[in-house]
Student: 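Got a structure here, written out as structure tokens. Questions coming.
These numbers come from a predicted model, not from an experiment. First the proteins, then the strands, lettered A, B, ... as listed; each starts at 1.
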Number of protein chains: 6
Amino acid sequence: MHRIIDGVLRFQTEIHGKRQELFSELGERQKPFAVFIACSDSRVVPELLTQCDPGDIFVIRNAGNIIPSYGPASGGVSASIEYAVQGLGIPNLIVCGHSDCGAMKAILRDDKLDKMPAVGAWIKHAAAAKQIVEARFSPEEDEKRRLNALVHENVLCQLRNLATHPAVAAKLAAGQLSLHGWVYNIDSGTVDTFDAEKQEFVTLTRDSTAQATPKLIVRYSQKK
Amino acid sequence: MHRIIDGVLRFQTEIHGKRQELFSELGERQKPFAVFIACSDSRVVPELLTQCDPGDIFVIRNAGNIIPSYGPASGGVSASIEYAVQGLGIPNLIVCGHSDCGAMKAILRDDKLDKMPAVGAWIKHAAAAKQIVEARFSPEEDEKRRLNALVHENVLCQLRNLATHPAVAAKLAAGQLSLHGWVYNIDSGTVDTFDAEKQEFVTLTRDSTAQATPKLIVRYSQKK
Amino acid sequence: MHRIIDGVLRFQTEIHGKRQELFSELGERQKPFAVFIACSDSRVVPELLTQCDPGDIFVIRNAGNIIPSYGPASGGVSASIEYAVQGLGIPNLIVCGHSDCGAMKAILRDDKLDKMPAVGAWIKHAAAAKQIVEARFSPEEDEKRRLNALVHENVLCQLRNLATHPAVAAKLAAGQLSLHGWVYNIDSGTVDTFDAEKQEFVTLTRDSTAQATPKLIVRYSQKK
Amino acid sequence: MHRIIDGVLRFQTEIHGKRQELFSELGERQKPFAVFIACSDSRVVPELLTQCDPGDIFVIRNAGNIIPSYGPASGGVSASIEYAVQGLGIPNLIVCGHSDCGAMKAILRDDKLDKMPAVGAWIKHAAAAKQIVEARFSPEEDEKRRLNALVHENVLCQLRNLATHPAVAAKLAAGQLSLHGWVYNIDSGTVDTFDAEKQEFVTLTRDSTAQATPKLIVRYSQKK
Amino acid sequence: MHRIIDGVLRFQTEIHGKRQELFSELGERQKPFAVFIACSDSRVVPELLTQCDPGDIFVIRNAGNIIPSYGPASGGVSASIEYAVQGLGIPNLIVCGHSDCGAMKAILRDDKLDKMPAVGAWIKHAAAAKQIVEARFSPEEDEKRRLNALVHENVLCQLRNLATHPAVAAKLAAGQLSLHGWVYNIDSGTVDTFDAEKQEFVTLTRDSTAQATPKLIVRYSQKK
Amino acid sequence: MHRIIDGVLRFQTEIHGKRQELFSELGERQKPFAVFIACSDSRVVPELLTQCDPGDIFVIRNAGNIIPSYGPASGGVSASIEYAVQGLGIPNLIVCGHSDCGAMKAILRDDKLDKMPAVGAWIKHAAAAKQIVEARFSPEEDEKRRLNALVHENVLCQLRNLATHPAVAAKLAAGQLSLHGWVYNIDSGTVDTFDAEKQEFVTLTRDSTAQATPKLIVRYSQKK
Ligand SMILES: [Zn+2]
Ligand SMILES: [Zn+2]
Ligand SMILES: [Zn+2]
Ligand SMILES: [Zn+2]
Ligand SMILES: [Zn+2]
Ligand SMILES: [Zn+2]
């Protein structure tokens with residue numbers, strides 16, 4: 001804990017002190033421009049990856065960057081999304097998976113979960129991704145390759161779950177929200193982003209206009 | 001009840017007796033070619049509307065033709081879909097709403113629901129459709145028009161919920177399932193079908209190739 | 001799908017066109033006289049079996065014709081029943097099982113359910129029927145015989161579950177609802193109906209007055 | 001607390017010491033002959049009312065002597081019943097309500113429940129009893145009379161809920177369990193017991209053979 | 001049942017008749033001074049153990065004297081506690097485990113639970129106690145010793161669960177509620193009580209001031 | 001989104017490129033030394049506040065830094081904690097609230113929540129904190145002061161909830177986990193930390209040894 005306490009004191013003198021204006025302003029309101037949903041994994045630091053300042057991004061983090069689909073027994077992810085999209089009106093939302101994800105490994109291997117029942121229940125929200133990967137790959141296939149596929153499919157799976165949230169569906173239908181599906185590669189630093197037009201993940205570049213926003217089955221044009 | 005009992009006896013002599021071969025064959029197996037999800041409304045008769053024989057379509061019916069999104073507390077609709085799509089391998093699935101739907105009226109009007117708490121809880125699975133209609137129409141707008149919009153949006157909402165079911169997602173990813181979103185107009189007999197390419201409902205005709213199958217965010221092409 | 005689309009078009013010209021008056025009238029209201037709860041099985045067609053017209057029966061269908069007992073996490077069956085019995089005031093309710101039911105087979109065999117967790121959870125609502133059959137029959141007993149017993153016990157089990165629904169209990173206490181427990185034999189076309197007086201299933205005939213309405217523990221006569 | 005601690009010490013010297021043989025025997029096993037389900041109300045003391053010794057009755061107590069119907073989210077009452085009926089094989093089960101019950105008053109009055117959400121949720125398991133009483137009595141009717149009716153109807157309602165528990169249904173079907181529905185009148189000391197034959201509550205007397213065991217819809221006689 | 005009916009009649013003549021004044025007074029109100037949470041086990045008789053009269057203690061009993069932690073799906077224990085602590089304002093609360101507890105044995109042995117799924121689910125609320133005992137003892141350790149530890153740890157586990165109930169937390173913060181953790185030894189008649197100061201169980205004696213009231217993390221002194 | 005994409009590209013060249021060794025090492029494992037549970041609020045950046053590197057802290061973030069108590073319907077927070085504490089064996093855990101928290105304001109004001117039902121359900125996990133603040137402060141009291149109290153009480157409330165998680169309870173009992181309760185003041189940059197010995201929040205300083213680890217009711221010393 002000493003390392004963390006020292007870090008806080010260093011933050012107070014070196015960072016907070018020097019940007020007093022920013023923090024004073026932030027003291028009474030936030031106006032973030034993106035929701036960032038990422039894994040709790042210590043190697044994924046959303047504000048570092050996006051080079052964002054305090055006040056820029058609203059961050060939801062849990063094991064596996066999982067978003068349960070909307071239902072009566074909604075929990076913390078549903079509440080946080082509702083608060084961000086409907087309460088704060090944030091116009092961009094990024095679901096970000098990452099390489100070497102422990103939650104995804106737990107799904108692939110089905111191991112150690114007797115001892116971790118809450119983890120076992122939680123990753124069922126990624127069952128669709130698991131089932132797709134099982135249909136595509138033989139169990140003999142190289143685990144790294146299957147894990148990489150699962151990490152990507154999981155992001156798509158969570159985007160589909162996300163589309164069932166009323167606040168998200170309404171903002172999408174009104175054209176006031178854009179969705180993005182990312183996978184961050186820890187080792188290389190690269191980011192894959194889902195391109196809904198091409199229906200594939202592409203590398204994120206400066207000119208990237210890729211969106212995961214589901215164009216289909218979200219709009220209904222009433223016939224006159 | 002006499003009318004129903006008489007009906008059964010008439011069925012036994014006039015229908016079953018004359019098609020003994022069909023029923024004998026059906027006695028030990030079913031091999032339906034479509035799943036049909038419709039409202040419990042007495043005016044909607046799936047087998048009559050589609051002119052199907054016993055053995056042709058697997059039918060799920062509840063108030064509002066609602067499909068809760070997939071989650072840990074899955075119920076009868078989830079189980080029936082899982083059984084149909086994964087267990088029986090049925091390759092087509094139609095979600096069929098209808099005009100003048102009482103469940104949709106209950107959503108629009110928010111009335112009478114103190115006395116019907118189970119109905120009140122159930123129609124929350126169509127909250128996304130409700131929120132979209134509320135965003136599009138002023139409450140002063142003609143109720144018929146808003147109801148018609150809600151009936152259509154509800155079908156799209158249920159298709160999005162459907163996409164979170166692992167069995168459905170896996171079959172869609174494998175190209176082994178096609179989805180269809182219909183609205184049956186009781187008065188005119190016409191059927192609107194959602195065309196995912198055009199992103200609108202079109203009238204069902206002989207040459208109709210419209211599918212609601214969501215093309216986007218369901219496929220992931222792993223890069224080599 | 002072509003077969004279904006052709007069916008719809010045939011319905012439009014051959015059926016709907018010829019009974020325009022009925023459908024126009026139905027366009028704005030329904031007044032069904034019975035609730036019919038049946039399995040989703042493609043071989044069970046409630047309106048065909050009862051020779052009913054559109055507008056006659058309110059139909060709830062799911063895998064196994066299951067009715068979860070009433071509780072805080074009520075789902076689609078509870079909502080549909082509440083809507084039918086309390087909202088529409090329908091005075092008759094039939095729970096109809098059928099021979100060769102796949103859901104009942106899944107209960108008997110306990111097989112394939114790792115791959116179908118939603119089915120596994122759903123059929124727990126028939127656990128009482130299963131436990132009764134297990135107590136009555138040795139596992140070596142002929143499967144057909146045990147399946148037949150389970151199909152019948154399941155109807156009784158669902159009637160007991162039904163009796164816990166407040167709307168049903170209140171209508172029963174007021175003498176405004178009668179319950180019927182049926183088993184439809186696909187092969188022979190016969191229907192067994194539960195006779196609460198005799199406490200056994202009897203064959204449905206023209207003079208049948210059998211009711212499954214539980215007379216006991218539903219009425220309370222306050223002493224003066 | 002002193003009063004309670006003094007009571008324990010008095011128990012140790014005056015009761016336990018004098019019946020050492022009984023308690024030694026009980027130290028390693030229990031073999032109760034009845035399950036007694038009663039309200040948590042301090043005025044209801046099951047062992048005093050029935051003059052039973054330690055080891056005689058298995059007691060379940062909660063606010064309102066409520067038994068949720070069986071379902072996937074079963075709680076403590078379901079578990080305790082399952083343990084008693086299936087695990088210990090106890091052959092008698094008594095559901096005992098009582099006069100002036102606070103939980104029943106809370107149902108009648110709908111008051112104070114904003115501050116007590118858990119109570120509000122819990123008494124929904126008696127919604128059927130409430131709905132029956134509301135159908136039978138005008139709200140202007142004397143409250144004591146309505147409360148008395150509710151207390152009795154609640155016992156019947158919980159017996160119906162009880163009938164959905166697999167262990168109970170199986171033992172009933174096997175004729176190995178008998179059910180009893182009681183109401184204890186604190187003031188007079190009398191006990192009303194439900195007589196399923198007569199379909200009414202009668203005063204408990206020495207010759208009482210009244211049983212609440214539901215005879216109907218629990219047995220299925222397979223036709224040869 | 002004859003034994004129980006005879007007991008009731010004996011109660012009416014020998015007990016109720018002789019204390020008519022007490023019962024008349026109790027007829028319209030209760031004012032208990034303690035909540036007593038105990039196992040349903042027939043050998044544990046709270047009013048006998050504490051030598052309490054009708055009207056003295058509010059009693060909650062279920063298999064394992066388990067108190068689920070507070071959450072959205074609260075059940076009968078939560079409701080009963082809320083009613084007792086908030087509704088009735090009872091100032092003392094005792095959680096009382098006991099030796100040779102069947103529910104605790106079921107946790108230790110993990111046996112017979114396939115047949116008793118509700119019991120299996122219920123005892124998960126004591127998973128923390130189980131995990132602590134597993135960490136402390138080798139599985140080869142004498143079962144009696146492990147069982148004894150589990151019985152004690154379970155009481156502490158349930159006290160922690162209790163601390164999450166809003167009504168309890170608020171009363172504790174206001175200094176209006178004291179908690180006690182007991183273990184009753186059936187064979188010897190002794191009672192162990194948790195002493196939060198010493199952090200261990202001590203034998204209950206006349207001068208016992210031991211409280212399980214968690215002193216830490218319940219109070220917040222706002223700085224001026 | 002351009003700002004975020006530019007940020008990622010800047011990260012890749014300026015940060016990832018320069019610390020290739022760290023990221024290569026992190027590519028295949030994480031070994032964080034603390035779990036940090038914070039609000040999703042954009043102004044709270046755990047890694048900035050603690051000056052931690054990628055790989056240092058496992059971060060869970062949701063609206064209100066809420067930790068539901070352990071139960072059968074566990075969600076993402078429970079799973080993430082279980083994974084962190086049991087799976088990864090992380091020895092320190094910090095629950096960090098913050099000034100001006102929107103979720104806490106929503107609790108205080110009870111406003112806007114009809115439109116945000118998931119938020120309304122989620123903040124019920126802080127009901128104990130709300131109830132304590134309501135007992136301590138008159139509603140006329142200055143809102144800022146009440147909000148500040150609620151933010152602090154919420155951290156204590158979540159620590160109590162945390163104590164019900166089996167993995168946490170077991171590690172606490174084994175002395176292998178220490179808990180910390182923080183409140184970060186955005187404007188001043190200061191951090192309050194709960195001192196369980198003093199039973200109050202103190203300012204975090206270099207020599208701070210304050211722990212929120214509940215000493216009481218977590219240990220059980222078996223008597224020989
Ligand atoms: Zn991860
Ligand atoms: Zn409808
Ligand atoms: Zn079937
Ligand atoms: Zn009571
Ligand atoms: Zn016990
Ligand atoms: Zn916050």
Side-chain angles (χ1 to χ4, degrees), chain B residues 1 4-5 7-12 15-16 23-24 26-28 30 32 34 40-43 45 47-52 54-63 66 73-80 82-83 86-87 92 100 102 112 115-116 118-119 121-122 186-187 189 191 204 206 208, chain C residues 1 4-5 7-12 15-16 23-24 26-28 30 32 34 40-43 45 47-52 54-63 66 73-80 82-83 86-87 92 100 102 112 115-116 118-119 121-122 186-187 189 191 204 206 208:
Chain B
M1 280 298 293
I4 279 191
I5 294 172
V8 171
L9 300 176
R10 203 160 65 241
F11 161 76
Q12 290 170 343
I15 312 288
H16 196 281
F23 287 103
S24 288
L26 290 176
E28 304 206 346
Q30 66 169 324
S40 289
D41 193 294
S42 64
R43 299 165 293 178
V45 184
E47 294 87 351
L48 183 71
L49 172 60
T50 59
Q51 294 288 297
C52 277
D56 285 352
I57 57 175
F58 185 94
V59 180
I60 299 167
R61 294 182 66 180
N62 61 60
I66 281 171
S74 65
V77 180
S78 298
S80 303
E82 189 179 82
Y83 186 76
Q86 184 149 327
N92 298 291
D100 195 52
K112 288 184 299 185
K115 294 282 183 188
M116 294 199 276
V119 173
W122 181 239
I186 294 171
D187 193 4
V191 169
L204 186 76
R206 174 136 294 138
S208 184
Chain C
M1 279 299 293
I4 280 192
I5 293 172
V8 172
L9 300 176
R10 201 160 67 242
F11 162 76
Q12 289 170 342
I15 312 287
H16 196 281
F23 287 104
S24 288
L26 290 176
E28 303 207 345
Q30 66 168 325
S40 289
D41 193 293
S42 63
R43 299 165 294 178
V45 184
E47 295 87 351
L48 182 72
L49 173 61
T50 60
Q51 294 288 297
C52 278
D56 286 352
I57 57 174
F58 185 94
V59 181
I60 299 167
R61 295 181 67 180
N62 61 59
I66 281 170
S74 65
V77 180
S78 298
S80 302
E82 189 180 79
Y83 185 76
Q86 183 149 324
N92 298 290
D100 196 53
K112 285 185 302 187
K115 294 284 185 188
M116 295 198 276
V119 173
W122 180 239
I186 295 171
D187 192 5
V191 169
L204 186 77
R206 175 137 294 139
S208 184

Student: Between L48(C) and P54(B), what is the shortest heavy-atom contact and its length?
Tutor: CD2-CG, 3.6 Å
Student: Under the salt bridge (charged side-chain N to carboxylate O under 4.0 Å, His left out) test, which residues partner R43(B), sequence neighbours left out?
Tutor: D41(B), D100(B)
Student: Using every non-hydrogen atom in the two residues, find where S42(C) and F58(B) come nearest and quote the distance to one decimal.
Tutor: CB-N, 4.0 Å
Student: Please state whether the side chain, the backbone, both or neither of V191(B) comes within less than 4.5 Å of a heavy atom of chain C.
Tutor: both
Student: Looking only at heavy atoms and a cut-off of under 4.5 Å, which of S80(C), C52(C), A34(C) has the most pairs with chain B?
Tutor: S80(C)
Student: Quick check: does any side chain N or O of S24(C) sit under 3.5 Å from a backbone N or O of D187(B), one acting as donor and the other as acceptor?
Tutor: no
Student: Provide the closest heavy-atom pair for A79(C) versus V119(B) in the form atom of the first, atom of the second, distance.
Tutor: O-CG2, 3.4 Å
Student: Rounded to the nearest 0.5 Å, what separates atom CD1 in I5(B) from atom OG1 in T50(C)?
Tutor: 11.5 Å
Student: Please look at I57(B) and chain C and tell me whether the side chain, the backbone, both or neither of the residue comes under 4.5 angstrom of a heavy atom of that chain.
Tutor: both
Student: Please report the closest heavy-atom contact between S40(C) and V59(B), naming both atoms and the distance.
Tutor: OG-O, 2.8 Å
Student: With sequence neighbours left out, what residues match Q86(B) under side-chain hydrogen bond (donor to acceptor under 3.5 Å, both in side chains)?
Tutor: Q131(A)
Student: If we define contacts as heavy-atom pairs under 4.5 Å, which of I66(B), N92(B), L26(B) has the most with chain C?
Tutor: L26(B)
Student: Output the distance between atom CD (Q51(C)) and atom CG (L9(B)), rounded to the nearest 0.5 Å.
Tutor: 10.5 Å
Student: About how many Å separate CG of N62(B) and CG of N62(C), when rounded to the nearest 0.5 Å?
Tutor: 9.0 Å
Student: What part of Q30(B) gets within 4.5 angstrom of chain C, counting heavy atoms only: side chain, backbone, both, or neither?
Tutor: both
Student: Say you draw a straight line from OG of S78(C) to CH2 of W122(B); how long is it, rounded to the nearest 0.5 Å?
Tutor: 9.5 Å
Student: For the pair E47(C) (side chain) and V45(B) (backbone), establish whether a donor and an acceptor sit closer than 3.5 Å, ignoring hydrogens and angles.
Tutor: no
Student: Less than 4.5 Å to any heavy atom of chain C: does that hold for the side chain of I15(B), its backbone, both, or neither?
Tutor: side chain
Student: Looking at chain C, which one of P32(B), G55(B), S74(B), G75(B) has the largest number of heavy-atom pairs inside 4.5 Å, strictly under?
Tutor: G55(B)
